[in-house]
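To start, the structure under review is shown below, and the notes come after it.
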Amino acid sequence: MSTKTAQESRWVAAEAMDPAGGKNIDHLLARRLLGIEMSGIRQMFELAGGDSVNLGLGEPDFDPPANVAKALEAAVAGGNNSYGPTLGLPELRRAISERVKNFRGEDVSPDNIIVTAGATQALMLIGQTFIDHGDEVLVPNPGFVLYGPQARICGGFPIPYSCGHKTDYLPDPDEIRRLITPRTKLLYVNTPSNPTGACMPRSLIQELSDLAHEEDIIVVADEVYDIMSYDKPHQSFLAHGDNIIWVNSFSKTYAMTGWRLGCLATKTSYVKAIEKMHYHTIACPPTPLQWAAVEALNGPQDAVDAMIEQFKARRDVIVQRINEIPGFECNNPGGAFYAFPRYQHDIKSKEFALRLAAEGLICSPGTAFGTLGEHHLRFSYAASISELERGMDILKRVAAEIPFREKKAKKRKVTA
Ligand SMILES: Cc1ncc(COP(=O)(O)O)c(C=O)c1O
């Protein structure tokens with residue numbers, strides 16, 4: 001028996017002797033973890049059977065471009081396997097700064113860039129650097145699943161602002177203004193959006209940036225889907241205002257979710273503060289992967305262009321198929337790779353998603369992204385067109401078995 005197995009079996013035995021089965025460890029846990037759940041998207045993924053159509057997860061179904069994979073092999077074989085600078089390799093920070101320059105419309109120094117372990121770590125670093133106990137942060141509802149829990153882990157309170165169907169899935173600056181208090185530190189924005197695919201127009205970005213400037217709050221602009229903007233060029237918060245931390249990732253653009261590489265761009269004073277947290281979290285981002293990322297940015301982009309073309313074609317197919325189903329309504333998502341339809345059926349989104357999972361279609365319940373996601377489902381179209389067609393056949397069949405909600409009668413005005 002190997003040492004590892006012996007160790008595991010002692011753990012198993014110890015937990016078996018515990019009347020709570022080793023589950024009652026709350027008294028040992030850091031308070032910041034209490035009440036934090038795993039994401040509702042992962043839970044659905046775990047239900048996926050062998051031949052299910054999986055439209056649940058947010059990752060491209062492509063491989064990283066061949067030249068980038070080769071650059072990784074070459075970096076490892078060439079001995080680039082040591083620790084590197086905390087903020088990232090200068091060559092990669094330079095390549096990212098060129099990209100940032102295009103959005104910002106002016107030269108950007110590599111000193112304003114930090115390379116991270118995915119956008120996930122970039123977001124956590126921002127939370128750890130700026131959120132103090134009791135601070136408030138504004139997060140979209142529905143919005144990406146990490147913002148709220150990360151803010152709570154950092155001791156803050158996430159305050160949701162609406163991005164629901166009533167405002168075409170876009171934020172309303174007047175509502176955000178009303179939600180700002182002296183404790184508000186950060187405003188999280190995400191364009192194109194996960195889960196809705198909504199893209200913010202330039203005028204809205206300008207308005208939100210001005211508001212953040214007036215109120216002295218930092219805009220955390222998550223633009224990991226920037227390249228996946230299908231109808232109009234991506235509008236970036238980088239072009240508007242200075243009190244912004246721009247977050248991006250190699251995960252989606254280069255189909256390398258498992259490589260865990262992301263970045264952020266911001267002003268130098270913020271870089272210096274975040275650097276301390278970064279050092280104490282991961283010391284430095286992974287060296288060979290960064291060399292591959294240099295190739296990703298500086299090498300040919302044809303694999304990315306081909307991927308975007310495919311996503312656009314798939315979007316058109318899935319949106320059309322969803323809108324043909326009675327009781328379903330799907331806005332044309334301008335970006336990312338998600339359709340987020342609203343439905344009139346008399347069933348909560350979690351129950352609907354479970355019922356679809358039982359019938360072989362995995363998707364995410366709208367409420368995994370916030371309360372305003374109720375009566376919505378999120379379908380990722382990172383799957384082949386034939387899989388999308390198969391999935392939509394299942395959706396159509398299951399939806400036909402569920403009655404519509406009764407419309408609430410409007411309250412009559414009583415006149416004297
Ligand atoms: C809006 C958004 N931000 C950030 C991330 C995290 O990306 P990464 O893989 O770079 O950690 C995701 C991943 O799904 C996302 O959808």
Side-chain angles (χ1 to χ4, degrees), residues 38-45 54-62 64 68 88 92 96 99 113-128 137 139-151 158 163 169-171 186-200 219-229 234 236-237 245-265 278 281-282 285-286 289-290 292-293 296-297 311 333-340 363-364 366 368-370 373 378-382:
M38 292 292 277
S39 112
I41 312 175
R42 285 258 145 197
Q43 288 168 11
M44 286 296 152
F45 181 60
N54 193 342
L55 308 185
L57 274 192
E59 61 183 336
D61 55 323
F62 297 91
V68 181
L92 181 55
I96 296 169
R99 187 139 177 258
I113 309 295
I114 304 181
V115 183
T116 59
T120 300
Q121 195 228 347
L123 291 165
M124 192 56 157
L125 280 178
I126 296 166
Q128 288 173 318
V137 305
V139 298
N141 175 13
F144 180 48
V145 292
L146 289 186
Y147 307 140
Q150 283 196 351
C163 284
Y169 302 98
L170 293 172
L186 306 175
L187 166 63
Y188 288 78
V189 289
N190 178 210
T191 180
S193 154
N194 175 7
T196 70
C199 298
M200 293 191 203
V219 178
V220 181
D222 178 344
E223 300 185 13
V224 302
Y225 297 101
D226 56 1
I227 197 103
M228 291 153 190
S229 298
H234 172 66
S236 174
F237 275 79
I245 308 177
W246 176 83
V247 174
N248 218 295
S249 174
F250 290 84
S251 287
K252 319 285 175 173
T253 313
Y254 296 101
M256 47 201 236
T257 48
W259 293 27
R260 312 310 302 129
L261 265 195
C263 59
L264 63 82
H278 201 20
T281 311
I282 61 166
L289 290 160
Q290 290 184 78
L297 288 175
F311 276 139
F337 42 74
Y338 308 105
F340 195 66
C363 65
S364 304
F369 306 94
R378 189 197 76 170
F379 297 99
S380 156
Y381 48 87

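Each ligand, and each atom within it, is numbered from 1 in the order the structure gives.
An N or O contact shorter than 3.5 Å is missing between Y338 and ligand 1 by distance. For ligand 1, one of its N or O atoms has an N or O atom of T120 under 3.5 Å away.
For atom 12 (C) of ligand 1, the closest non-hydrogen atom of the protein is F144 CZ, 3.3 Å. Of the protein's non-hydrogen atoms, the one nearest atom 3 (N) of ligand 1 is D222 OD2, 2.6 Å. Closest to atom 7 (O) of ligand 1 among all protein heavy atoms lies A119 CB, 3.7 Å.
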V145/F369 under side-chain contact (heavy atoms from CB on, under 4.5 Å): CA gap, chis, key distance, verdict: CA-CA 6 Å; V145 292; F369 306 94; 3.9 Å; yes
R378/N194 under side-chain contact (heavy atoms from CB on, under 4.5 Å): CA gap, chis, key distance, verdict: CA-CA 9 Å; R378 189 197 76 170; N194 175 7; 2.8 Å; yes
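The contact set between ligand 1 and N190, taken as ligand atoms under 4.0 Å from a residue heavy atom, comprises 1 (C). Per-residue contacts place S249 under 4.0 angstrom from the following atoms of ligand 1 (heavy atoms of the residue considered): 8 (P), 10 (O). Contact atoms of ligand 1 toward S251: 8 (P), 9 (O), 10 (O) (distance under 4.0 Å to a heavy atom of the residue). Taking every heavy atom of G118 and a limit of under 4.0 angstrom, the matching atoms of ligand 1 come to 10 (O), 11 (O). Atoms of ligand 1 found under 4.0 Å from any heavy atom of R260, numbered from 1 in the order shown, are 8 (P), 9 (O), 11 (O).
Each of S236, S249, S229 was compared with E223 under the side chain to side chain donor-acceptor pair (under 3.5 Å) criterion, and only S236 meets it.
Note on ligand 1: K252 sits in its first shell, one or more heavy atoms being nearer than 4.0 Å. The shell of residues lying under 4.0 angstrom from ligand 1, judged by heavy atoms, excludes E59. Using 4.0 Å as the threshold, T257 has no heavy atom nearer than that to any atom of ligand 1. Ligand 1 has Y225 within reach: a non-hydrogen atom of the residue lies less than 4.0 Å from it.
For the atom pair CD1 (I282) and CD (Q121), the distance works out to 4.0 Å, reported to the nearest 0.5 Å. For the atom pair CZ of F237 and CG of D226, the computed distance is 13.0 Å after rounding to the nearest 0.5 Å. To the nearest 0.5 Å, atoms SG (C199) and OH (Y169) are separated by 14.5 Å. With rounding to the nearest 0.5 angstrom, the CD1 atom of I114 is 10.5 Å from the CD1 atom of I96. Rounding to the nearest 0.5 Å places CD1 of I245 at 8.5 Å from OH of Y188.
Annotation: F144 is not in aromatic contact with Y225 [ring centroid separation under 6.0 Å not met].
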